[in-house]
Protein chains: 4
Amino acid sequence: MANTADTPRSGRGRRPAAQVRERVLQAAADLLFDGGMKAVTFERVADAAGASKTTLYKWWPSAGALAAEAYFRRVEPALSFPDTGDIEADLKSQLHAFVELITERGGGGVIAELIGASQGDAALSAALSQTYSLPRRSLAVQAMERARSRGQLRPGVDLSMIVDQLWGACYHRLLLPGEPITHDFADALVENALYGAAPMPRQAATSSSRE
Amino acid sequence: MANTADTPRSGRGRRPAAQVRERVLQAAADLLFDGGMKAVTFERVADAAGASKTTLYKWWPSAGALAAEAYFRRVEPALSFPDTGDIEADLKSQLHAFVELITERGGGGVIAELIGASQGDAALSAALSQTYSLPRRSLAVQAMERARSRGQLRPGVDLSMIVDQLWGACYHRLLLPGEPITHDFADALVENALYGAAPMPRQAATSSSRE
Amino acid sequence: MANTADTPRSGRGRRPAAQVRERVLQAAADLLFDGGMKAVTFERVADAAGASKTTLYKWWPSAGALAAEAYFRRVEPALSFPDTGDIEADLKSQLHAFVELITERGGGGVIAELIGASQGDAALSAALSQTYSLPRRSLAVQAMERARSRGQLRPGVDLSMIVDQLWGACYHRLLLPGEPITHDFADALVENALYGAAPMPRQAATSSSRE
Amino acid sequence: MANTADTPRSGRGRRPAAQVRERVLQAAADLLFDGGMKAVTFERVADAAGASKTTLYKWWPSAGALAAEAYFRRVEPALSFPDTGDIEADLKSQLHAFVELITERGGGGVIAELIGASQGDAALSAALSQTYSLPRRSLAVQAMERARSRGQLRPGVDLSMIVDQLWGACYHRLLLPGEPITHDFADALVENALYGAAPMPRQAATSSSRE
DNA sequence: CGATAAACGAGACGGTACGTCACGTCTTGCC
DNA sequence: GGCAAGACGTGACGTACCGTCTCGTTTATCG
């Protein structure tokens with residue numbers, strides 16, 4: 001009943017690993033995009049891909065990890081960070097792209113489910129970190145480092161924290177729904193991260209905290 | 001006539017609802033705190049509480065929703081927001097308490113798992129919003145409104161966005177691990193949210209500055 | 001959702017027992033005739049009759065017993081045994097009526113299910129014996145006693161055994177399907193019960209067997 | 001490397017089907033013989049046999065069908081029909097054995113419950129027909145055919161009907177209790193089936209019925 | 001170039017949990 | 001005081017996956 005592909009199934013014996021992997025990831029992505037994470041089951045993926053559960057267990061530590069790989073294989077991350085020389089514009093541009101991703105296309109739900117499933121699935125958590133969150137954080141930090149060297153950011157600021165403040169705010173609204181995720185919201189995030197909410201600049205900008 | 005002492009419940013007939021609920025929530029909390037979300041199963045909770053699955057299904061739409069109620073019943077939210085007149089101090093104080101919650105005690109993992117499970121469990125998501133995230137967001141916004149009326153925050157700022165920028169940053173590090181969640185991080189979050197990362201105040205802010 | 005009757009349900013207080021019984025038996029018969037024995041459940045009957053399970057438990061020892069009473073209430077046994085003076089004709093007439101009952105109308109399945117359920121339901125078994133099988137056996141035996149006194153049956157024959165040989169044969173084909181139950185079959189049963197399958201009358205018709 | 005001796009089965013993987021079937025049937029028979037049909041539950045059998053419910057569902061369509069197979073596996077049918085050349089003696093011998101089975105040993109109740117459960121359990125009904133009633137009917141009919149060819153039975157008699165008249169009479173008393181099932185009863189059944197209850201042989205033994 | 005070993009599909013297996021249904025017992029509240 | 005309403009513990013139902021394991025087949029590799 002399975003076997004959605006057109007290739008007539010070469011039989012039972014050994015087949016090239018790459019070919020099997022490809023079919024599996026295709027099937028997993030299909031299931032993921034119209035059924036969510038809970039449709040990505042070793043059982044169902046094996047059936048849909050014409051593969052065997054044993055094979056899946058050999059290559060992926062959990063159904064979540066398989067779903068993650070299938071997802072990123074399909075959406076082709078396109079990891080790049082513009083550098084126009086204006087950090088405010090660059091941050092806004094990136095954040096707009098992110099807002100686009102998690103609101104427009106079905107991607108938002110999938111990302112949310114992946115992050116959700118990664119709590120309590122160590123393998124998926126590791127895969128997400130390595131493939132998704134760490135590279136993105138790193139790119140953003142590097143861009144801000146360049147901006148800081150150009151004098152667009154104060155020297156003492158923790159750049160990684162700013163990543164949390166921008167993207168984390170979006171994830172917050174994605175994972176704990178209740179407030180909308182809009183482009184205006186993205187702009188406000190960047191502006192506030194740069195200029196702050198206080199009416200006046202800090203009087204003595206040097207003081208550290210918790211002393 | 002039988003069991004006067006230790007077995008407080010005799011047989012099969014109807015028992016007071018409140019009593020059953022209490023036992024169920026106790027059992028669910030126990031399972032949750034030493035086994036995580038995946039230990040909170042209708043099956044196991046019913047068994048541990050001496051209740052019946054049917055009863056659980058009548059009162060809770062999903063195991064996740066039951067876990068959430070059991071969690072909040074036990075950790076007694078203590079929802080309050082200090083108002084010392086100094087919004088920076090108040091925000092830091094609250095954020096420190098939050099950092100404390102999700103790092104020190106076992107609460108962090110549980111909260112993370114609850115949020116994780118709420119992706120893909122609409123009932124749990126609704127329960128979390130209503131019981132947890134919305135009230136907290138509301139308290140913080142109200143405190144900042146008071147601060148704004150005192151002139152400590154610029155009039156045009158979206159206060160709800162600041163909540164996302166502060167707490168969302170912490171959730172970001174909680175749910176997509178890789179960077180530590182520390183008290184210094186909390187302080188830096190508040191300071192940057194108030195004063196921004198740009199070296200100079202906003203250019204258009206000509207009215208007053210360090211001139 | 002229940003409450004199929006048109007009477008608008010008189011409320012919650014006490015109601016005349018006879019009225020309640022009537023509604024319950026009607027509802028049970030309805031369920032029985034289009035759903036078989038497995039549809040006659042205390043739960044469903046109570047719901048359909050607008051009665052309470054408590055009430056049903058007070059009056060019937062098991063769902064099977066309730067089904068039996070509902071069945072016999074509806075099909076009105078019409079217990080009578082003709083006596084035309086010709087025992088062969090009378091037996092055939094009765095057996096044809098029985099064949100009619102268990103083949104034509106849906107009665108056959110219900111009777112079979114009742115007998116089936118009575119294995120393992122002592123209350124139903126007792127009810128069936130008392131209401132159904134014993135009276136019928138008794139009527140047939142009495143008719144044959146009259147025939148014997150007229151010289152139409154040999155003196156030494158066990159008349160109750162003949163009942164088993166006639167009706168039991170039909171039940172056999174009803175309960176262990178495989179052979180059809182027809183009117184020819186009924187005729188053959190009566191004829192063989194009267195004249196035997198041996199080609200000649202018993203050689204020494206007086207001698208007993210097992211010697 | 002582990003469990004060399006007492007625990008013949010280690011873990012979760014696949015095990016030889018025949019082995020599992022054997023254990024399941026043993027457990028089912030045990031439950032059946034001291035608890036009746038209502039003790040033969042997929043749940044309990046699976047537990048007692050150390051098997052999984054899924055496995056049982058794959059091999060048996062209903063708990064009743066499983067019980068039937070377990071029963072016949074244990075009581076080893078020993079299907080044989082003597083042929084001494086005297087049909088009266090042979091029929092009595094077989095009927096005595098049947099009476100023995102359903103009265104002496106616990107078999108009677110089990111058979112009755114199996115037949116009972118087969119009403120409303122199509123799978124069990126089919127299994128009973130195929131394994132139990134049809135072969136037995138066939139053996140008896142064949143024996144009577146041989147007797148008829150020897151001239152011990154009249155040519156026109158429906159032999160299958162005689163099976164119903166003999167065994168059906170016993171089932172009648174088994175399933176609708178009220179009259180005892182004895183060896184004298186068995187003898188009387190055979191004698192009446194052969195020689196009839198009428199005082200004289202049929203006047204015109206050739207007439208057919210219902211014309 | 002033919003034997004061997006690796007990898008595969010298929011799927012049965014022991015489990016755990018699901019969500020539902022009915023049982024028989026019990027309490028509450030209405031009439 | 002009796003009844004409806006219905007919640008309760010119990011236990012079975014039939015299904016879905018899990019992760020492990022056996023089997024037979026096919027293919028690539030190496031002696």
Side-chain angles (χ1 to χ4, degrees), chain A residues 2-3 9-17 19-20 38 40-47 49-59 61-63, chain B residues 9-17 19-20 38 40-47 49-59 61-63, chain C residues 2-3 9-17 20 38-47 49-58 61-63, chain D residues 9-17 19-21 38 40-47 49-59 61-63:
Chain A
N3 200 1
R9 279 284 292 102
S10 50
R12 228 158 50 159
R14 180 177 185 177
R15 287 189 293 152
Q19 176 185 333
V20 176
K38 68 180 183 304
V40 182
T41 293
F42 275 164
E43 203 99 18
R44 290 194 213 171
V45 173
D47 190 51
S52 124
K53 285 201 297 175
T54 312
T55 306
L56 306 197
Y57 277 105
K58 277 185 184 163
W59 283 339
S62 72
Chain B
R9 279 301 114 204
S10 54
R12 295 218 288 218
R14 183 177 185 177
R15 292 189 293 154
Q19 196 174 105
V20 175
K38 69 179 182 302
V40 182
T41 291
F42 275 161
E43 201 101 20
R44 289 195 212 172
V45 172
D47 191 52
S52 104
K53 283 199 296 178
T54 312
T55 304
L56 304 197
Y57 279 105
K58 275 185 185 160
W59 282 341
S62 72
Chain C
N3 202 0
R9 279 282 295 104
S10 52
R12 216 141 75 143
R14 181 176 185 179
R15 289 188 291 149
V20 175
K38 69 180 182 303
V40 182
T41 292
F42 275 164
E43 204 97 20
R44 290 194 212 172
V45 173
D47 190 51
S52 127
K53 285 201 296 174
T54 314
T55 306
L56 304 197
Y57 276 104
K58 278 186 184 161
S62 73
Chain D
R9 280 301 115 205
S10 55
R12 295 216 289 217
R14 183 177 187 177
R15 292 190 292 153
Q19 195 175 106
V20 175
R21 280 184 70 90
K38 69 180 181 302
V40 182
T41 291
F42 274 162
E43 202 100 21
R44 288 194 214 172
V45 173
D47 192 52
S52 104
K53 283 200 296 176
T54 312
T55 303
L56 305 197
Y57 280 105
K58 276 185 185 161
W59 282 341
S62 72

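Keep in mind that what you see is a predicted model, and the values were worked out from it rather than measured. Each chain gets a letter, A, B and so on, in the order the sequences are listed, and its residues count up from 1.
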### Message
Ignoring hydrogens and geometry beyond distance, is the side chain of Thr54(B) in donor-acceptor contact with the base of dC21(E) at under 3.5 Å?
### Response
yes
### Task
Using only heavy-atom distances, decide whether a donor-acceptor pair under 3.5 angstrom links the side-chain of Lys53(A) to the base of dG19(F).
yes
Grab the [atom1]-[atom2] distance between [X] and [N] for me, whole Å please.
| X | N | atom1 | atom2 | result |
| --- | --- | --- | --- | --- |
| Asp47(B) | dT10(F) | CG | P | 9 Å |
| Leu56(D) | dG14(F) | CG | P | 11 Å |
| Gln19(B) | dT27(E) | CD | P | 11 Å |
| Lys38(A) | dT15(F) | NZ | P | 21 Å |

### Query
Taking the side chain from Ser52(A) and the backbone from Thr54(A), do they hold a donor-acceptor pair closer than 3.5 Å?
yes
### Query
Between Glu43(C) and Ser52(A), which has a closest nucleotide on DNA chain E that is more 5'?
Ser52(A)
### Query
Do the side-chain N or O atoms of Arg44(B) get closer than 4.0 angstrom to the phosphate oxygens (OP1, OP2) of dT16(E)?
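No, no such contact exists.
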### Task
Under the salt bridge (charged side-chain N to carboxylate O under 4.0 Å, His left out) rule, collect the residues that match up with Lys58(B), sequence neighbours excluded.
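Result, salt bridge (charged side-chain N to carboxylate O under 4.0 Å, His left out) vs Lys58(B): none returned.
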### Message
Return the CG to OG1 distance between Asp47(D) and Thr41(D), rounded to the nearest 0.5 Å.
### Response
11.0 Å
### Residue list, side-chain hydrogen bond (donor to acceptor under 3.5 Å, both in side chains) with Thr55(C), at least two apart or on another chain
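Listed in chain order: nothing, the list is empty.
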Out of [options], whichever nucleotide has its closest atom nearest the side chain of [X]:
| X | options | value |
| --- | --- | --- |
| Phe42(A) | dG24(E), dG9(F), dG19(F) | dG19(F) |
| Lys58(D) | dG9(F), dG24(E), dA12(E) | dA12(E) |
| Tyr57(B) | dG14(F), dG9(E), dG19(E) | dG19(E) |

### Query
Which comes earlier along DNA chain F counting from the 5' end, the contact point of Thr55(B) or that of Val40(A), where each point is its nearest nucleotide?
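Upstream on the strand: Thr55(B).
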